[in-house]
Amino acid sequence: MASGKLICVTGAGGFIASWLVKHLLQEGYVVRGTLRDPENPKNAHLKELEGAKERLALYKADLMNYDSLCNAFKGCDGVFHVASPLPNELKLVPVAIEGTKNVVNAAADMNVRRIVFTSSYGAVHMDPNRSPDKVLDETCWSDTEFCLKTKNWYCYGKTLAEKSAMAEAKRRGVQLLVVAPPFTLGPTLSQGLHSTGKHLTKYMTVGTKRTVPNAVVGYVDVRDVAQAHELVYKSPKASGRYLCIGYVMNRLELIDLVKERFPHYPFSKRDEHDDTPIVKPYKFSNQRIKDLGLLFTPIKETLSDTVISLQEKGHLPIYTFSKL
Ligand SMILES: NC(=O)c1ccc[n+]([C@@H]2O[C@H](COP(=O)([O-])OP(=O)(O)OC[C@H]3O[C@@H](n4cnc5c(N)ncnc54)[C@H](OP(=O)(O)O)[C@@H]3O)[C@@H](O)[C@H]2O)c1
């Protein structure tokens with residue numbers, strides 16, 4: 001138990017942050033969650049979490065407003081910086097970087113002891129020069145020149161945001177730990193449809209109108225990501241980056257696993273004209289986070305819980321017969 005330590009989670013209403021808030025409350029922390037709009041009904045689920053009435057306070061804050069961050073961080077032992085605009089447009093990249101610097105500076109000025117920053121494997125794996133034999137681990141960085149050239153703004157933005165968080169934390173003398181999850185799946189706590197849920201539903205609802213790419217992706221369960229954040233925060237010896245990847249597999253294989261459990265959906269398929277060899281998963285290491293005690297949820301369980309959650313929240317129709 002966390003003996004009532006006061007911590008703050010930025011962007012508390014988001015997909016990952018909501019699970020983190022839930023986990024922290026369960027572990028006995030006193031939690032402040034920042035939101036851009038605390039009154040927005042999309043954040044109502046936070047007030048229903050177990051322990052929220054006694055130990056969760058919601059603060060209005062924007063990453064681009066330093067004073068609002070100081071107000072939320074004052075008196076906190078730690079800050080979990082999860083909020084980020086999804087920098088999938090070039091114009092959002094500076095917001096991701098400046099917002100992160102504001103968080104680090106506000107935390108340092110408020111004497112916060114530790115910051116845990118949610119990066120992404122987008123900051124880790126996008127490097128065309130990585131040898132196929134190289135194990136993807138915490139030493140890997142995405143190649144920003146390549147991301148620029150290919151207009152991969154998400155990987156570009158997350159890489160620069162993580163690097164500037166590290167530089168700023170070093171300059172300010174505050175401890176910064178990084179959790180880098182890949183494509184995050186799992187049930188949602190809010191009513192809304194999150195970006196990764198949207199991604200899965202598009203392969204389950206339009207049949208052959210869409211094709212599944214022959215591409216390899218890393219996956220993890222959102223509940224594991226939440227736990228990883230708290231593990232690095234509370235482990236005195238934790239330092240640096242932690243890859244939080246449960247599985248790496250071809251998207252075709254992932255869709256096959258969903259199909260096995262939910263066979264009646266009109267699944268998309270691989271492009272029938274694509275005769276390129278199946279892309280094989282690369283090797284990766286999640287040993288650092290496992291060494292802190294994380295046990296990854298089996299992928300079949302994650303996929304099943306994701307689909308059931310999408311059905312329960314009305315984002316995915318419940319098919320009882322094949323539409324193909
Ligand atoms: N989901 C994934 O597969 C995945 C994988 C790897 C890494 N990540 C990282 O994990 C973090 C959370 O992702 P998520 O999927 O949970 O995203 P999400 O549900 O979209 O949550 C993002 C949160 O950031 C907040 N936000 C955006 N711009 C802000 C600003 N200027 N000021 C304050 N808050 C702002 C949003 O608040 P509003 O509600 O006010 O818009 C939202 O609550 C991000 O850093 C993301 O890059 C996600």
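Read the numbers this way: they start at 1 and go in the same order the structure lists the ligands and their atoms.
Cation-pi check for Lys158 over Trp153 is not met; the charged atom does not lie both under 6.0 angstrom from the ring centroid and within 45 degrees of its normal. Taking the centre and axis of the six-membered ring of Tyr29, the NZ or CZ atom of Lys5 falls outside the cone set by 45° and 6.0 Å. At least one test fails for Arg114 against the ring of Phe80: distance under 6.0 Å to the centre or angle within 45° of the axis. Stacking of Arg251 on the aromatic ring of Tyr219 is not recorded, the 6.0 Å distance cut-off and the 45° axial limit not both being met. Both cation-pi conditions hold for Arg241 and Trp141: the charged atom is under 6.0 angstrom from the six-membered ring centre and inside a 45 degree cone around its axis.
By the 3.5 Å distance cut-off applied to N or O atoms, Val82 is counted among the residues near ligand 1. Of the polar atoms of Leu63, at least one N or O is found under 3.5 Å from an N or O of ligand 1, judged by distance alone. Residue-to-ligand polar distances place Ser84 within reach of ligand 1: an N/O pair is separated by less than 3.5 Å.
Residue contacts with ligand 1: Ala96 is excluded, as none of its non-hydrogen atoms falls under 4.0 Å. Ligand 1 lies less than 4.0 angstrom from a heavy atom belonging to Lys158. Within the structure, ligand 1 has Pro85 among the residues with a heavy atom less than 4.0 angstrom away. Residue contacts with ligand 1 include Ser119, since one of its heavy atoms falls under 4.0 Å from the ligand. Note on ligand 1: Asp37 sits outside its first shell, no heavy atom being nearer than 4.0 Å. For the pair Tyr154 and ligand 1, a heavy-atom separation below 4.0 Å is found. The closest approach between His81 and ligand 1 stays at or above 4.0 Å for every heavy atom of the residue.
When each atom of ligand 1 is checked for a heavy atom of Thr118 under 4.0 Å away, the hits are 9 (C), 10 (O), 11 (C), 45 (O). Close contacts between ligand 1 and Gly11 involve ligand atoms 43 (O) [criterion: under 4.0 Å to a heavy atom].
Without hydrogens or angle criteria, Asn40 side chain to Asn43 main chain gives no donor-acceptor distance under 3.5 Å. In this structure, the side chain of Thr184 engages the main chain of Pro182 through a donor-acceptor pair within 3.5 Å. A donor-acceptor contact shorter than 3.5 Å is absent between the side chain of Ser142 and the backbone of Thr144.
Of the options Gly13, Ala180, Ala83, the smallest heavy-atom separation from atom 25 (C) of ligand 1 is shown by Ala83. Selection from Arg36, His194, Lys42, Glu98 by nearest heavy atom to atom 40 (O) of ligand 1 gives Arg36. When Phe183, Phe15, Tyr121, Tyr219 are checked for heavy-atom proximity to atom 18 (P) of ligand 1, Phe15 turns out nearest.
Ring orientation note: the planes of Tyr203 and His199 are nearly perpendicular, at an angle over 60° on the 30°/60° scale.
To the nearest 0.5 Å, atoms SG (Cys244) and OH (Tyr121) are separated by 13.0 Å.
By the criterion of a heavy-atom distance under 4.0 Å, the side chain of Thr196, and not its backbone, is placed next to ligand 1.
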